[in-house]
Novice: 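To start, I am sharing the structure in question, which I have written as structure tokens.
Convention: sequence-line order gives letters A, B, ...; per-chain numbering from 1. Quantities reported herein were computed from a predicted structural model and do not represent experimental measurements.
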Protein chains: 4
Amino acid sequence: MLSSIDIHSSVAVYVQIENHVQFAIASGRLKPGDQLPSVRELSERLEVNPNTVAKAYRDLEVMGLLYTRRGMGVFVNKGIEVKCREDCRKRIIGRLHEVVAEAKAAGMEADEIGEIVAKSMSFDASPYGATPSSLLQLARPRKKAAK
Amino acid sequence: MLSSIDIHSSVAVYVQIENHVQFAIASGRLKPGDQLPSVRELSERLEVNPNTVAKAYRDLEVMGLLYTRRGMGVFVNKGIEVKCREDCRKRIIGRLHEVVAEAKAAGMEADEIGEIVAKSMSFDASPYGATPSSLLQLARPRKKAAK
Amino acid sequence: MLSSIDIHSSVAVYVQIENHVQFAIASGRLKPGDQLPSVRELSERLEVNPNTVAKAYRDLEVMGLLYTRRGMGVFVNKGIEVKCREDCRKRIIGRLHEVVAEAKAAGMEADEIGEIVAKSMSFDASPYGATPSSLLQLARPRKKAAK
Amino acid sequence: MLSSIDIHSSVAVYVQIENHVQFAIASGRLKPGDQLPSVRELSERLEVNPNTVAKAYRDLEVMGLLYTRRGMGVFVNKGIEVKCREDCRKRIIGRLHEVVAEAKAAGMEADEIGEIVAKSMSFDASPYGATPSSLLQLARPRKKAAK
DNA sequence: GTGGTCTAGACCACG
DNA sequence: GTGGTCTAGACCACC
């Protein structure tokens with residue numbers, strides 16, 4: 001698998017990038033002050049249009065995860081790891097509640113649901129390649145941001 | 001709350017309607033032979049474009065859940081409750097797997113997830129208003145299909 | 001003057017559009033539920049690329065001022081006029097404080113500043129064409145949003 | 001706060017530096033003949049790219065505020081304090097007009113604006129730290145220009 | 001018809 | 001070199 005971006009997925013490419021970055025920050029693979037790959041570089045690595053990467057970066061800046069220094073590059077904001085992690089958690093818990101409620105409404109029993117969850121836990125499929133990194137070597141090896 | 005359709009949701013309106021109907025059949029709120037509200041009536045009740053309702057009905061007919069009698073209306077097919085229930089189940093299990101995988105990737109532990117599921121099971125919130133039904137009074141009180 | 005958008009301005013076109021819309025809502029020229037001109041229509045009227053208009057609309061949606069109904073169009077959100085007005089006011093007051101502080105630091109006297117303000121008030125230049133509307137006839141004459 | 005340069009600001013860093021210098025001259029904190037910190041020194045103090053400082057100095061030289069003596073450094077020109085003060089004033093008045101026009105367009109009354117201005121005048125906040133100086137100790141304590 | 005997404009490629013300001 | 005903006009035009013899903 002060359003890329004962890006799936007062009008044919010129903011979820012938009014730029015959203016996939018956003019999720020990757022958010023997850024990388026939440027999991028500590030991207031640290032505050034780290035520089036992200038340049039728009040052009042990442043777009044080449046992912047074989048997508050620079051605009052698509054730029055859009056993802058811009059969204060993440062609006063969300064407060066990244067900041068941009070003109071002519072310098074894009075960097076991870078400080079003091080957002082915790083919030084980022086919590087947001088991830090909350091989002092997941094919310095969806096978990098939703099789907100369990102639905103399961104219950106559909107007449108599934110607690111045992112049954114428990115089993116499914118257990119089975120799911122034993123797989124090691126992670127949506128964002130939790131392994132050290134597939135293609136998205138998100139942090140630039142170079143330098144930290146100058147302040 | 002007048003409607004259980006969320007026009008601000010990211011999931012398409014017609015899909016929401018399809019899910020509602022499927023779930024209503026699976027849970028027995030809609031029984032084989034029951035007539036559904038007319039496209040026009042439902043579209044007015046949901047404040048939604050008639051085309052949207054029509055598309056949902058058409059899809060459901062293709063799926064085999066409904067059938068249309070010209071000039072009479074749209075009815076629930078017979079012998080599909082089991083399949084419908086299974087489809088519902090599959091859909092839910094799929095989503096369950098998804099969200100659990102994501103939770104795991106985000107570093108949540110099995111115990112933690114189990115707790116959340118348990119807590120969720122103890123509530124009696126159902127996504128589509130398991131209560132007699134909010135707006136989607138899907139079965140017409142009138143008549144059964146003459147077939 | 002055919003258009004109130006200034007292509008040669010240093011402020012980005014999409015920002016100009018955003019300001020126009022925000023101001024139109026704050027001033028009541030656009031009311032909750034009103035439909036905005038379609039991306040294509042506005043882009044033709046302003047003689048800019050559809051993407052530029054779309055970007056403005058999208059930003060305003062993120063800001064919570066607008067919402068989108070797929071296939072239907074873009075509408076003004078409810079319950080945001082007050083907040084919108086207040087945000088406008090706060091932004092202006094903040095900038096006012098800034099510039100007055102700077103003026104003071106530069107050694108200007110209260111009288112002098114007062115005079116300038118008074119003179120400025122007597123002009124009727126408004127950045128967003130407060131007149132009934134220059135080109136940006138922002139509300140569509142047609143219909144309100146269905147819900 | 002170590003620096004009065006805001007790298008997250010939307011106004012370019014080099015412009016911020018130019019404004020700082022211009023204001024320092026206008027307010028007498030930098031006097032004709034004073035030597036400015038070297039490009040290298042200032043860039044380190046501000047944690048900014050040397051090119052950025054160099055560009056600011058170059059611009060200011062073009063504007064006639066500074067002059068460079070090869071091998072000696074950059075100095076404040078003579079006979080420009082008045083012009084500098086006037087330029088500052090013009091810039092401020094321009095911005096004042098802008099913001100007042102916007103306030104008016106937003107429906108604020110003359111009285112209201114007057115009050116805000118008055119209140120702002122009573123504070124002693126100055127944008128560039130009118131206090132002896134935060135980081136931008138713009139004049140080098142060493143020597144005056146030999147000319 | 002509507003908006004959403006993406007591509008290809010241009011020009012600009014900043015560092 | 002960096003990102004920001006804009007254009008032109010494509011295809012898609014939804015209504």
Side-chain angles (χ1 to χ4, degrees), chain A residues 5 7-17 35-43 46-58 61 66-75 140 142 145-146, chain B residues 7 10-17 43 46 48-56 59, chain C residues 5 7-17 35-43 46-58 61 66-75 140 142 145-146, chain D residues 7 10-17 43 48-56 58-59:
Chain A
I5 292 294
I7 309 267
H8 302 101
S9 161
S10 67
V11 355
V13 173
Y14 78 90
V15 174
Q16 294 183 53
I17 297 175
Q35 182 174 12
L36 277 83
S38 82
V39 168
R40 285 167 176 84
E41 183 186 337
L42 188 53
S43 77
L46 297 180
E47 300 179 2
V48 301
N49 188 286
N51 282 332
T52 305
V53 177
K55 181 170 190 177
Y57 280 6
R58 191 169 179 278
E61 183 166 8
L66 306 179
Y67 68 91
T68 290
R69 293 196 59 189
R70 293 256 195 114
M72 296 289 300
V74 176
F75 303 85
R140 269 189 144 174
R142 316 185 190 178
Chain B
I7 61 170
S10 65
V11 356
V13 173
Y14 81 94
V15 174
Q16 293 184 54
I17 296 175
S43 77
L46 298 179
V48 145
N49 191 303
N51 286 332
T52 306
V53 176
K55 156 130 186 158
D59 283 1
Chain C
I5 291 294
I7 309 264
H8 302 100
S9 161
S10 67
V11 356
V13 173
Y14 78 90
V15 174
Q16 293 183 52
I17 297 175
Q35 183 173 12
L36 276 82
S38 81
V39 168
R40 287 167 175 83
E41 183 185 338
L42 188 54
S43 76
L46 297 180
E47 299 179 1
V48 299
N49 189 287
N51 282 332
T52 305
V53 176
K55 180 169 192 178
Y57 280 6
R58 191 171 179 277
E61 184 166 9
L66 307 179
Y67 68 92
T68 291
R69 293 198 58 188
R70 293 256 196 115
M72 296 290 299
V74 176
F75 303 86
R140 269 188 144 176
R142 314 183 190 181
Chain D
I7 61 170
S10 65
V11 356
V13 173
Y14 80 95
V15 174
Q16 293 184 52
I17 296 175
S43 77
V48 145
N49 191 303
N51 286 333
T52 308
V53 177
K55 156 128 184 159
R58 211 182 319 126
D59 282 2

Novice: Just the rounded figure in Å: distance from C1' of F/dG1 to CE of A/Met72.
Specialist: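 Roughly 10 Å, once rounded to whole Å.
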Novice: Select one nucleotide: of E/dC14, E/dC6, F/dA13, the one nearest the side-chain heavy atoms of C/Arg70.
Specialist: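 Nearest to the side-chain atoms of C/Arg70, counting from C-beta on, is F/dA13.
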Novice: Relative to the 5' end of DNA chain E, which residue comes earlier, C/Arg58 or C/Gly71, by the nucleotide with the nearest heavy atom?
Specialist: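 Counting from the 5' end, the first nearest nucleotide belongs to C/Gly71.
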Novice: In whole Å, I'd like the distance from the CD atom of A/Glu47 to the P atom of E/dA8.
Specialist: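 Rounded to the whole Å, the gap is 11 Å.
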Novice: Rounded to the Å, how far apart are C/Ile17 CD1 and F/dT7 C1'?
Specialist: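 My rounded result for the distance is 14 Å.
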Novice: Once side chain to side chain contact (heavy atoms under 4.5 Å, CB included) is applied, do any residues pair with C/Ala54, and if so which ones, sequence neighbours excluded?
Specialist: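 Checked C/Ala54 against side chain to side chain contact (heavy atoms under 4.5 Å, CB included); matches are C/Val39.
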Novice: Write down the distance between CD1 (D/Ile7) and C1' (F/dG3), rounded to a whole number of angstrom.
Specialist: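 Those two atoms, CD1 and C1', are 15 Å apart.
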Novice: Taking CG from C/Leu42 and C1' from F/dC6, how many angstroms apart are they, rounded to a whole number?
Specialist: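 Checked: the CG to C1' distance equals 15 Å.
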Novice: Using a cut-off of strictly less than 4.0 Å, decide whether D/Lys55 has a side-chain nitrogen or oxygen near OP1 or OP2 of E/dG15.
Specialist: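 It does not, given that no N or O in the side chain of D/Lys55 lies less than 4.0 Å from OP1 or OP2 of E/dG15.
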Novice: Drop me the distance from A/Leu66's CG to A/Tyr57's OH, to the nearest 0.5 angstrom.
Specialist: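 The OH atom of A/Tyr57 is 7.5 Å from CG of A/Leu66, to the nearest 0.5 Å.
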Novice: C/Ser10: which residues meet the side chain to side chain contact (heavy atoms under 4.5 Å, CB included) condition with it, sequence neighbours left out?
Specialist: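 For C/Ser10, no residue satisfies side chain to side chain contact (heavy atoms under 4.5 Å, CB included) once neighbours in sequence are set aside.
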Novice: Distance check, rounded to the nearest 0.5 Å: D/Ile7 atom CD1 versus A/Met72 atom CE?
Specialist: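 Rounded to the nearest 0.5 Å, the CD1-CE separation comes out at 9.0 Å.
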Novice: When you measure from the side chain of A/Glu61 to the backbone N and O of A/Val74, does any donor-acceptor pair fall under 3.5 Å?
Specialist: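 No, A/Glu61 side chain to A/Val74 backbone: no donor-acceptor pair under 3.5 Å.
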Novice: Mapping C/Thr68 and A/Thr52 to their closest nucleotides on DNA chain E, which lands nearer the 5' end?
Specialist: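 Its nearest nucleotide being more 5', the pick is C/Thr68.
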Novice: Write down the protein N/O and nucleotide N/O pairs, taken from nucleotides 9-11 of chain E, whose separation is under 3.5 Å; answer none if there are no such pairs.
Specialist:
from: E/dG9; atom 1: O6; to: A/Asn51; atom 2: ND2; distance (Å): 3.0

Novice: Hey, what do you get for CZ (C/Arg69) to OG1 (B/Thr52), rounding to the nearest 0.5 Å?
Specialist: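 Spacing of CZ (C/Arg69) from OG1 (B/Thr52) equals 7.5 Å.
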Novice: Just how far, in rounded Å, is P of E/dG4 from CZ of C/Arg69?
Specialist: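 About 13 Å, once rounded to whole Å.
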Novice: Listed by chain and number, what are the side chain to side chain donor-acceptor pair (under 3.5 Å) partners of C/Ser43, not counting sequence neighbours?
Specialist: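 Testing C/Ser43 for side chain to side chain donor-acceptor pair (under 3.5 Å), a comparison that skips the adjacent residues, returns none.
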Novice: Tell me: OH of A/Tyr57 to P of F/dG4, nearest whole Å?
Specialist: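 Going from A/Tyr57 (OH) to F/dG4 (P), I get 11 Å.
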Novice: CD1/A/Ile17 to CG/A/Leu42 distance, rounded to the nearest 0.5 angstrom?
Specialist: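 One gets 5.5 Å once the value is rounded to the nearest 0.5 Å.
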Novice: For DNA chain E, what is the dot-bracket line, given that a base pair needs Watson-Crick (N1 to N3, plus N6-O4 or O6-N4) or G-U wobble (N1-O2 and O6-N3) geometry with both distances under 3.5 Å, and | means paired with another strand?
Specialist: ||||||||||||||.
Novice: Closest approach to the side chain of D/Ala12, judged atom by atom: which nucleotide of F/dT2, E/dC6, E/dC14 is it?
Specialist: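 Minimum distance to the D/Ala12 side chain belongs to E/dC14.
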Novice: Mind checking what makes side chain to side chain contact (heavy atoms under 4.5 Å, CB included) contact with B/Asp59, not counting sequence neighbours?
Specialist: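 Side chain to side chain contact (heavy atoms under 4.5 Å, CB included) check on B/Asp59 returns B/Tyr14, B/Glu18, B/Lys55, B/Met63.
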Novice: What is the separation between atom CD on C/Glu61 and atom C1' on E/dG3, rounded to the nearest whole Å?
Specialist: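 Rounded to the whole Å, the gap is 10 Å.
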Novice: What closest approach, in Å, do B/Gln16 and B/Val11 show between heavy atoms, and which atom pair accounts for it?
Specialist: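 The pair with the smallest heavy-atom distance is NE2-O, 3.0 Å.
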Novice: Nearest of E/dG3, F/dC15, E/dC14 to any side-chain atom of B/Tyr14?
Specialist: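 That would be F/dC15.
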Novice: Checking contacts here: which listed nucleotide (E/dG3, F/dT5, F/dC15) is nearest the side-chain heavy atoms of B/Val13?
Specialist: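 Closest nucleotide among those given: F/dC15.
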